Amino acid sequence: MDSTQTWNMIGGPLGHFKQDDLIREHGLLKVRDFMHDADPFHEAETAAQIEKRIKQAVGHLQDELEDGDQAIVVSHGTYLRNLATIYTEGHPYLRQPKNGGITILDVTDTPKIISYNQ
């Protein structure tokens with residue numbers, strides 16, 4: 001199944017045939033749930049599962065880093081987009097990050113995005 005067929009299957013029942021349109025209307029995290037519900041293999045993560053996984057990873061960084069320390073974490077764009085959505089107030093619409101884009105996350109106390117996709 002190609003990407004177009006996949007998004008037709010996920011978004012078609014909701015009147016959307018493009019991933020971006022679906023995310024703009026419902027938000028990235030809700031789309032995770034739509035993906036989970038449409039997955040014929042039952043392997044796609046729900047919003048709650050990806051949020052838990054991301055928060056565990058950030059918690060690990062908080063545990064390992066001392067105040068003033070910096071770390072580089074390399075990941076794929078969809079993971080970073082989910083992370084940025086979770087740690088940006090109001091969970092705004094964020095574009096898919098460009099290849100090699102830099103996102104800065106402050107993990108002290110309450111994690112928050114400082115910059116995204118620079």
Side-chain angles (χ1 to χ4, degrees):
M1 182 177 314
D2 67 22
S3 180
T4 300
Q5 289 174 317
T6 299
W7 286 106
N8 285 343
M9 186 175 70
I10 295 167
L14 301 165
H16 293 289
F17 298 96
K18 294 182 181 176
Q19 177 184 13
D20 200 58
D21 294 340
L22 196 60
I23 293 169
R24 283 181 189 273
E25 181 171 332
H26 297 281
L28 182 62
L29 296 176
K30 185 63 180 170
V31 171
R32 301 296 308 194
D33 289 332
F34 296 154
M35 292 166 64
H36 172 78
D37 293 344
D39 179 16
F41 303 105
H42 310 294
E43 294 177 354
E45 288 178 301
T46 64
Q49 289 168 326
I50 188 105
E51 189 165 358
K52 179 181 177 185
R53 185 163 60 96
I54 287 171
K55 287 184 174 182
Q56 285 175 333
V58 170
H60 177 73
L61 289 172
Q62 289 174 309
D63 292 344
E64 294 296 318
L65 297 173
E66 301 288 331
D67 282 347
D69 284 354
Q70 296 182 358
I72 294 175
V73 178
V74 178
S75 188
H76 60 85
T78 300
Y79 186 89
L80 291 173
R81 189 179 189 186
N82 280 282
L83 178 138
T85 298
I86 290 166
Y87 290 113
T88 300
E89 190 172 326
H91 305 296
Y93 170 81
L94 299 168
R95 294 174 86 60
Q96 183 71 9
K98 59 188 172 198
N99 217 7
I102 306 280
T103 295
I104 299 175
L105 173 70
D106 180 347
V107 297
T108 57
D109 298 324
T110 304
K112 64 180 178 245
I113 294 294
I114 303 301
S115 67
Y116 175 71
N117 194 28
Q118 301 301 306

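Just so you know, these numbers use all the heavy atoms, side chains as well, and skip hydrogens, waters and symmetry mates. Note that the coordinates shown come from a computational prediction; the quantities given were computed from them, not determined experimentally. Count residues from 1 along the sequence.
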Which heavy atom in Pro40 sits nearest to a heavy atom in Met9, and how many Å separate them?
CD-CE, 4.1 Å

State which residues pass salt bridge (charged side-chain N to carboxylate O under 4.0 Å, His left out) with Lys52; sequence neighbours excluded, sorted by chain then number.
none

State whether the side chain of Asn8 and the backbone N or O of Gly12 hold a donor-acceptor pair below 3.5 Å, judged by distance alone.
no

Ignoring hydrogens, what is the shortest heavy-atom contact between Leu22 and Gly11? Give both atom names and the distance.
CD2-CA, 4.0 Å

Nearest-0.5 Å distance, CG of residue Asn117 to CD of residue Gln96
8.5 Å

Without placing hydrogens or testing angles, list every side-chain donor-acceptor pair under 3.5 Å for residues 25-37, not counting sequence neighbours.
{"from": "Glu25", "atom 1": "OE1", "to": "His16", "atom 2": "NE2", "distance (Å)": "2.5"}
{"from": "Asp33", "atom 1": "OD1", "to": "Ala47", "atom 2": "N", "distance (Å)": "2.9"}
{"from": "His36", "atom 1": "ND1", "to": "Ala44", "atom 2": "O", "distance (Å)": "2.7"}

Report, as yes or no, whether the 6.0 Å neighbourhood of atom CD1 on Ile102 holds more than 12 heavy atoms from other residues, nucleotides or ligands.
no

How long is the straight-line distance from CD of Gln19 back to OG1 of Thr6, given to the nearest 0.5 Å?
10.0 Å

Would you check if Ile23 and Arg81 make a side-chain contact, meaning some heavy-atom pair closer than 4.5 Å?
yes

OH-OG1 distance between Tyr116 and Thr85, expressed to the nearest 0.5 angstrom
6.5 Å

For Leu14 and Ile10, work out which heavy atoms get closest and say how close.
CD1-O, 4.1 Å

Atom CD1 of Ile104 and atom CD of Gln70: how far apart are they, to the nearest 0.5 Å?
8.5 Å

Specify the closest pair of heavy atoms between Leu94 and Ala84, including all atoms of both residues, with the distance to one decimal.
CD1-CB, 3.5 Å

Please tell me whether Leu61 and Tyr87 are part of a single hydrophobic cluster in this structure, the criterion being side-chain heavy atoms less than 4.5 Å apart.
yes

Taking all non-hydrogen atoms of both residues, which atom of Leu80 and which atom of Pro97 are closest, and how far apart?
CB-CG, 4.5 Å

Closest non-hydrogen atoms of Phe17 and Trp7, given as atom of the first, atom of the second and distance, are O-CB, 4.1 Å

Measuring from atom NZ of Lys18 to atom OG1 of Thr4, what distance do you get when rounded to the nearest 0.5 angstrom?
9.5 Å

Would you mind listing every salt bridge (Lys or Arg N to Asp or Glu O under 4.0 Å) that reaches into residues 63-77, with sequence neighbours excluded?
none

What's the separation between atom CD in Glu51 and atom CD1 in Ile54, rounded to the nearest 0.5 Å?
7.5 Å

When you look at CZ of Arg53, are more than 12 heavy atoms from neighbouring residues, nucleotides or ligands closer to it than 6.0 Å?
yes

Give a yes or no answer on whether the side chain of Gln62 reaches the backbone of His60 with a donor-acceptor pair at less than 3.5 Å.
no

Under a plain distance cut-off of 3.5 Å, with no hydrogens placed, do Asp20 and Tyr93 share a side-chain donor-acceptor pair?
yes

Hey, which of Leu105, Val73, Ile86 is the one that makes side-chain contact (heavy atoms from CB on, under 4.5 Å) with Val58?
Leu105

